[in-house]
Amino acid sequence: MPVLSPELRADAERILARYPKGRERSAVMPLLYLVQSAEGRVTREGLKEVADLLGLKTAEVEAVASFYTMLRIRPTGRYLVSVCTNLACALRGSTEVYARAREVLGPGSEDMTEDGAFSLHEEECLGACDAAPVVQINFANYDRTTPDGIDALIDALRRGEPPPPSRGTFPGEFTKASRILAGLEPEAGR
Amino acid sequence: MSEELRILTAWWGEPETVWMTRYLQTGGYKGLRKALKMTPQEVIDEVKASGLRGRGGAGFPTGVKWSFVPQDTGKPTYLVANFDESEPGTYNNRELVERDPHQFLEGVIIASYAVQCHTAFIYTRGEFLFPGQVLERAIAEAYDEGFLGKDILQSGYQLDVVLHKGAGAYICGEETALLSSLEGYRGQPRLRPPFPAVEGLYASPTAINNVETLCNVPHILMNGAKWFVGIGTEKSPGTKIFSVSGKVNLPGNFEAPMGTPARVVIEEMAGGVLDGKRLKAWTPGGSSTPFLTEEHLDVGLDFESIAEAGSLLGTGALMVTDERDCMVRVCHRLLQFYAHESCGKCTPCREGTWWVTRMLARVEEGFGRQEDLPLLGEIGDNILFKAFCALADGAVSPITSTLKYFRDEYEEHVRLGRCPFTEPRARRLRPVGEAPHEPSEPEHAAIPLSEILR
């Protein structure tokens, strides 16, 4: 089974059409997001299909994918929990928030929890320092999080009841967030 | 001069501003209408005359940058808006887009017209999922209203805007790394010259501007260069949006004239230091700008005054620490960031940030040696201005500035064999791979050769 179904191939064509003729290589990142939206991460097969679309070697696409943290080569949970621990957040207690998330999610959660629900990520500055400590779930912001707050947030996600983020709407599971990142859900933000 | 001055942030209080209808009611797109009646050169001249300087950190005059874009190359010209805001402590671009996306788009369109570009790219930080959605919506509205697409406002001018998402790499805020990323490569910086104005995106003439810079442009067109020059200081005209974070009562973005003293921003606008504590250190423009202290609070926040005080205005992001914060720990956390974000292209940055991070961890954990202090400074010297791009220079800022102003804290760590800001506790095992800071215990001492030979 190929990663990109006929429908997703049509999406890939839409992505390629954004860039000037002859400059299709620029589409490599959105195409990798597209693959990620299908697979929940970027596998070797996905890399190969993107390479074929662009007339590149798989290694060339892998070189790009491995450079960027939001393109996940390792198995990734349905909810990517990103806790900023950079200075502005650390000054407001994010170290404790991260420690609690790790405690609640258990060992190995920095890759993926055994049930495939969560991946925990220690994040660099997310550009929302007025709301420190900042947590993102699938790139939706939760402002001024506390250790108890992240505990409750994880609990709600386990029940399948994500609370509304501080701005915008909850993007859904990691695959759906990846689809938004590929620029294929213009209605999602309305 | 101690007042907020809301120009770019004038409509932030009104959630409806995100929509086209409200933006038009508040005078939106009038700057564009005016610009389209001028020649591109006249637009450039107006922005040049305003003295507007780039708000992304370097402070280069925007009009001059545009005038470097050649028009006779036979290649297409591009405009790239840098919305990869990632400098620790900085968050005014995000709020500018979230609250008033059309102000930014209007700036993009005017700038594109000035450099005669027909395809503009907005490089948006991937983690900005929601701001990206706000932009998608605003771009669609702008097409519907005829501010984008073919024959904009019956002027004959055509422009398409492409939103491109990054994927989590600080280095892509550096303009040449951003171009590499936008072309579909790893986000690694390129040698300059050739400068992007001449050979930028797809080796074509390219203007790259920061979001806050572009947001100023419609106002300059509307009100004229003379009006703009009257705000701020002589060499740093206009306002700046200061992002205040860390140990203050009211963290937030505050727009004030350039040259407003840091004390006003920290104590009046941001409500002063948390819990009535004493301020210890602050960055004028994000983590890549050297820390300043209490004694610099009366320095004006503009490019020249901050440079004179030994730091950089950068992005205008004030991260504040107080008397309870350990500056060794602060420095260590920031260096972890630079080590993580170093793109790996050049040795001073890749190796230097990695080694310094290890040394800082050692000092913070209480295993530092007296000679580590000069060594830290020495490594900093070997990175500064010797790396390929400014990321590495930024990494040196926290090292040299904390060593300069808080050397006593480093010495106290070494003397006590622990961090003086945390409760004394049982001595931890030394980190794996770290050299012991004291001579080996007697039982591990090497047996003298004479003993073996006996």
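What's counted below: heavy atoms across the whole structure, side chains too, no hydrogens, waters or symmetry copies. Every chain is numbered from 1 and lettered A, B, ... according to where its sequence line falls, protein lines coming before strand lines. Not measured: the values here are computed from a predicted model.
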Heavy-atom pair count under 4.5 Å with chain B, highest-scoring of A:Pro30, A:Ala90, A:Cys125: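 Of A:Pro30, A:Ala90, A:Cys125, A:Cys125 has the most heavy-atom pairs under 4.5 Å with chain B.
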Largest heavy-atom contact set with chain B, pairs under 4.5 Å, which of A:Pro20, A:Ala132, A:Ala65: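 Of the candidates given, the most pairs with chain B belong to A:Pro20.
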Side chain / backbone / both / neither for [X] at chain A, heavy atoms under 4.5 Å:
X	result
B:Thr119	neither
B:Cys172	side chain
B:Thr124	neither
B:Ile171	side chain
B:Leu250	neither
B:Phe121	side chain

Heavy-atom distances under 4.5 Å only: say whether [X] touches chain B with side chain, backbone, both or neither.
X	answer
A:Ala128	both
A:Glu60	neither
A:Thr85	both
A:Arg92	side chain

Parallel, tilted or perpendicular: which describes the rings of A:Tyr19 and B:His164, with under 30° parallel and over 60° perpendicular?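 Ring orientation, 0 to 90° scale: perpendicular.
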Chi angles and distances behind the side-chain contact (heavy atoms from CB on, under 4.5 Å) call for A:Asn138, B:Leu129: CA-CA 9 Å; A:Asn138 295 344; B:Leu129 192 78; over 6 Å; no
Atom OH in B:Tyr123, atom CE in A:Met29: separation rounded to 0.5 Å?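 B:Tyr123 OH to A:Met29 CE: 4.0 Å, rounded to 0.5 Å.
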Reference residue A:Leu126; test side chain to side chain contact (heavy atoms under 4.5 Å, CB included); the match among B:Arg94, B:Glu85, B:Arg125: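 Only one option passes, and that is B:Arg125.
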Max heavy-atom pair count under 4.5 Å with chain A, selected residue of [options]:
options	result
B:Glu127, B:Arg324, B:Glu98	B:Glu127
B:Lys165, B:Gln336, B:Arg333	B:Arg333
B:Gly166, B:Ser287, B:Pro131, B:Ala270	B:Gly166

Output yes when A:Arg18 and B:Asp160 qualify as a salt bridge under the 4.0 Å nitrogen-oxygen rule, no when they do not.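 B:Asp160 and A:Arg18: not salt-bridged.
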Between the side chains of A:Arg167 and B:Glu95, is the shortest nitrogen-to-carboxylate-oxygen separation below 4.0 Å, so that they form an ion pair?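 Between A:Arg167 and B:Glu95 there is no salt bridge, as every charged N stays at least 4.0 Å from the carboxylate O atoms.
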Is the closest side-chain heavy-atom distance between A:Leu87 and B:Val330 below 4.5 Å?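 Yes, close enough: below the 4.5 Å cut-off.
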Atom CZ of A:Arg102: over 12 foreign heavy atoms under 6.0 Å: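 Open.
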Looking only at heavy atoms, what is the nearest atom pair of B:Tyr202 and A:Ser26, with distance?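 Scanning both residues completely, I find the closest heavy atoms to be OH-OG, 2.6 Å.
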